[in-house]
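So the structure is just underneath, and the comments pick up after that.
Protein chains get the first letters and strands the later ones, always in sequence-line order, with residue 1 at the start of each. Because only heavy atoms are used, hydrogens play no part in the values below, and waters and symmetry mates are left out as well, while side chains stay in.
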2 protein chains.
Amino acid sequence: MTKRVKLKDIAEALGISITTVSRALNNKSDINQATRRKILEMASEMDYKPNNLAISLRKNKSAQVIGVVLPIINHYFFSTVLKGIMTRAHLHNYMVLVGESLHVLQKEKQILEEFVDYGVSGILIAPCLGSNFEQNLLPIIHRRIPTVVMDRMYENYNGNFVLTNDYKGAFDAVEHLIKNGYTKIAHLSSLDAHSVGAERRKGYLDALKKNEITPNPDYLKQLDLKEEVKSIRAAYFATESLFKLDNPPDAIFTVTDEIALGVYQYAQENNINIPNDLGIVGFSNAMISKYISPQLTTVEQNGILMGETAYDFFHQALHSNGHLFQKTFDSNLIVRESSIPK
Amino acid sequence: MTKRVKLKDIAEALGISITTVSRALNNKSDINQATRRKILEMASEMDYKPNNLAISLRKNKSAQVIGVVLPIINHYFFSTVLKGIMTRAHLHNYMVLVGESLHVLQKEKQILEEFVDYGVSGILIAPCLGSNFEQNLLPIIHRRIPTVVMDRMYENYNGNFVLTNDYKGAFDAVEHLIKNGYTKIAHLSSLDAHSVGAERRKGYLDALKKNEITPNPDYLKQLDLKEEVKSIRAAYFATESLFKLDNPPDAIFTVTDEIALGVYQYAQENNINIPNDLGIVGFSNAMISKYISPQLTTVEQNGILMGETAYDFFHQALHSNGHLFQKTFDSNLIVRESSIPK
DNA sequence: AATATTTCCGAAAACGTTTTCGGAAATATT
DNA sequence: AATATTTCCGAAAACGTTTTCGGAAATATT
């Protein structure tokens, strides 16, 4: 391995001081143009690459790195958010560290601490289910590390965030089903710890009430969403139990598109025709939703935009003093085949 | 912001030297047990966190960071590989930087350079389509940075890699179709630049030949896979053109599961029954393949395992001197509904 | 009791940069 | 021609650690 060249090597090669070399490479004033040119030439000839560690240490600021914490990495929505973050970060020459909490509180905390110890300039986090604000995030905010919360909300949180209007999205979805003639609308929801799920559940209930439909408690099923495959399986069985009711539903609003897959599976196996026997609306416009049959009506959640905005908020927060950046995106319904009028 | 505590603060608080504090925290010898205890107590009381930048600089080794370069981040297989990498990296206290090349050669090069400049300890890369080994990867290998190539292969590359046996996977898939009575087997393949696609195409052709079926050139379609949505659309039209042939195929082997989605879509819209009119086998066992209807027969590609192995290879390469680590995983066929016997 | 060994600690240098301060040389101003 | 100003450069300190070297104090060995 050829030793990495440093300022000293360039300085010695040209018989000048390290200070001057540094000045030339950093486009500082106080330097003769001819000297600068010589230095730049020599630097490129020797293939000089600055040592970012030393620079960061000296400047007392971390490198251009942000940390992104996601519950699950191989998940369509989250990886799309990550994509959005990365495109913007790349533009600003920031690098992106990624951590996967797997919806485990302790792991989330550990990742955050590692990121902070490492010296990231900012944290972008989609909190895990049941994430504890005081325990996991507050210490970081106290350190004045710009932080943006994505996708889901903490109670009483007042910092930067980027959210989807889950309530309204769900409300619109259910009202769409009602307008299309469905009346017995079930909902496959999440457990309570899930703020996103809670919001969507509220939207569901309020849409029913506004349209003078009394919510049927039998129609509301709460599933554990921590693991995708298991949750789809759970959705399958939840659908089964719905159809064992004396008065089964004629439509289901699912808290995510993935959950809708479980419903599709049960319907397929039991000759329940979608949408004639059962209307379905999902949430998030996952890649699959357009390719399953019949195509799934869903509430769009723009992951790219959310990621891009999250990065931009971080970047603005870094350069503004304590100002808050908050955005709730409206989500719009994408009407497809799974919910056509009865 | 409370100033970050450093060794000096602990030293002053206890009236001892920085050297001793450092020794205590690093579990070095040459220190009195009582002193060590006092120091550890004080350190935890003052909430001391070591400055990794300084440590790395002093030790003259980069931080515990690896760089992962993927063509597309919100893609099921690649994000699953990333997951595998991350679980192993986390175990060894390595952090993971991620970059997305978007199948753009220049961008891939830029990401690699950024990673190297940044001082990563290793590079794990799934090369983009048409990636140039000499141009993009060789400079890094010359710097003796442990590198593992994942999923696809460079010509004449002789370094660490983790691959799937694409040839055999494809061969098995096509032979499975033949055994199940399909004889007019088409293949939706990739463009030539795609080594994975090329291997699978060879497997397809050889399986036909071995079973004394003359490959029909009309049955081989090559698609651009750079963008998922576009490629699915292209698959749709390729299927259309296949069915406009005088003698349309009775089965299609698709280079990926995603490409199969385009076939499903065309079949659905044109009342072509899968598998009765058209058998289908995909490749990679994407999440969707189990949830579309009928369930897709596919060749499993274990992304988690590939990612884990890639990390392990990096780790071993870091500690061994120039030894090569290479593995080609056998891929096994998962038989589902889309290819049942005629 | 003298000497040898061990235990424990600190001063200082070093990793590769940036930045402050000061000053010599060149140039501009009287 | 004397002085003021500007241009350009270098020495040294600093960022927060680790490590080398040396040595004082305590303990063990004769």
Side-chain angles (χ1 to χ4, degrees), chain A residues 1-40 42-43 46-65 93 116-121 143, chain B residues 1-40 42-43 46-65 93 116-121 143:
Chain A
M1 173 162 46
T2 50
K3 264 293 229 183
R4 186 164 175 163
V5 279
K6 47 189 178 180
L7 293 189
K8 199 179 168 201
D9 301 321
I10 302 178
E12 280 171 359
L14 293 170
I16 54 177
S17 78
I18 294 177
T19 309
T20 305
V21 176
S22 169
R23 263 195 281 259
L25 293 170
N26 289 294
N27 256 313
K28 287 286 168 68
S29 56
D30 279 7
I31 186 169
N32 185 290
Q33 285 311 316
T35 326
R36 159 169 291 149
R37 209 163 352 92
K38 271 195 306 187
I39 293 172
L40 293 180
M42 181 60 76
M46 297 175 77
D47 193 30
Y48 170 75
K49 305 276 167 131
N51 181 324
N52 290 288
L53 263 49
I55 294 174
S56 300
L57 181 62
R58 170 57 232 234
K59 288 192 175 168
N60 223 334
K61 65 158 199 146
S62 54
Q64 307 246 95
V65 180
N93 288 313
V116 171
D117 291 353
Y118 187 73
V120 295
S121 322
R143 288 206 185 203
Chain B
M1 172 162 47
T2 50
K3 263 289 223 192
R4 186 164 175 163
V5 261
K6 47 189 178 181
L7 293 189
K8 198 178 169 201
D9 301 321
I10 303 178
E12 280 172 359
L14 294 169
I16 55 178
S17 78
I18 293 177
T19 309
T20 306
V21 177
S22 169
R23 264 196 280 260
L25 293 170
N26 289 295
N27 257 312
K28 287 286 167 72
S29 56
D30 280 8
I31 185 168
N32 185 289
Q33 284 311 315
T35 326
R36 159 170 290 150
R37 209 164 352 91
K38 271 195 308 187
I39 292 172
L40 293 181
M42 181 59 77
M46 296 175 79
D47 192 30
Y48 170 75
K49 305 275 168 131
N51 181 323
N52 289 289
L53 262 49
I55 295 173
S56 300
L57 180 61
R58 170 57 231 230
K59 289 193 175 168
N60 223 336
K61 63 159 198 141
S62 55
Q64 308 245 96
V65 181
N93 287 313
V116 172
D117 290 355
Y118 187 74
V120 296
S121 322
R143 287 208 185 203

Distance in angstrom units between B:I31 CD1 and C:dT7 P, rounded: 14 Å
Residue mapping more 5' on DNA chain C - nearest nucleotide basis, B:T35 or B:A54: B:T35
Whole angstrom value for the distance that separates P of C:dA11 from CG of B:L7: 15 Å
Opposite nucleotide pairing with D:dG16, Watson-Crick or G-U, both atom distances under 3.5 Å: C:dC15
Atom-pair distance (NZ on A:K6; P on C:dG16), nearest Å: 4 Å
Partner nucleotide of D:dC21 by Watson-Crick or wobble geometry (both distances under 3.5 Å): C:dG10
OP1 or OP2 of D:dG16 under 4.0 Å from side-chain N/O of B:K8: no
Integer-rounded Å distance: C:dG16 P and A:I18 CD1: 10 Å
Nucleotide D:dC9, atom P - distance to CD1 of A:I10 in whole Å: 15 Å
Sidechain-backbone polar pair: A:R36 side chain, A:K28 backbone, donor-acceptor under 3.5 Å: yes
Nucleotide nearest A:S22 when distance is taken to its side chain, options D:dG10, D:dT20, C:dT18: C:dT18
Whether A:D9 side chain and A:K6 backbone form a donor-acceptor pair below 3.5 Å: yes
Under 3.5 Å on both distances, the Watson-Crick or G-U partner of D:dA4: C:dT27
Phosphate contact (D:dC15 OP1 or OP2) by A:N60 side-chain N/O below 4.0 Å: no
Nucleotide D:dG16, atom P - distance to CD of B:E12 in whole Å: 12 Å
hbond_proxy B:T19 side chain to C:dA11 base (donor-acceptor, 3.5 Å cutoff): yes
Whichever of B:L57 and B:G15 has its nearest DNA chain C nucleotide further upstream toward 5': B:G15
Distance-only donor-acceptor test, B:R58 side-chain atoms vs C:dG16 base atoms, 3.5 Å: no
Candidates C:dG10, C:dT17, D:dG10 - which lies nearest the side chain of A:T20: D:dG10
Distance in angstrom units between B:R23 CZ and C:dT7 P, rounded: 14 Å
With B:S17, the side-chain contact (heavy atoms from CB on, under 4.5 Å) member among B:V21, B:L14, B:T19: B:T19
Donor-acceptor contact below 3.5 Å, side chain A:S56 vs main chain A:N52: yes
base_contact_polar (C:dG16 base, A:R4 side chain, donor-acceptor, <3.5 Å): no
Length of the CG-C1' vector between A:N32 and D:dG10, whole Å: 15 Å
B:I18 backbone acceptor or donor facing B:S22 side chain under 3.5 Å: no
Full working for side-chain contact (heavy atoms from CB on, under 4.5 Å) between B:L57 and B:L53: CA-CA 6 Å; B:L57 180 61; B:L53 262 49; over 6 Å; no
Phosphate-side-chain proximity, A:N51 and C:dC15, N/O vs OP1/OP2 below 4.0 Å: no
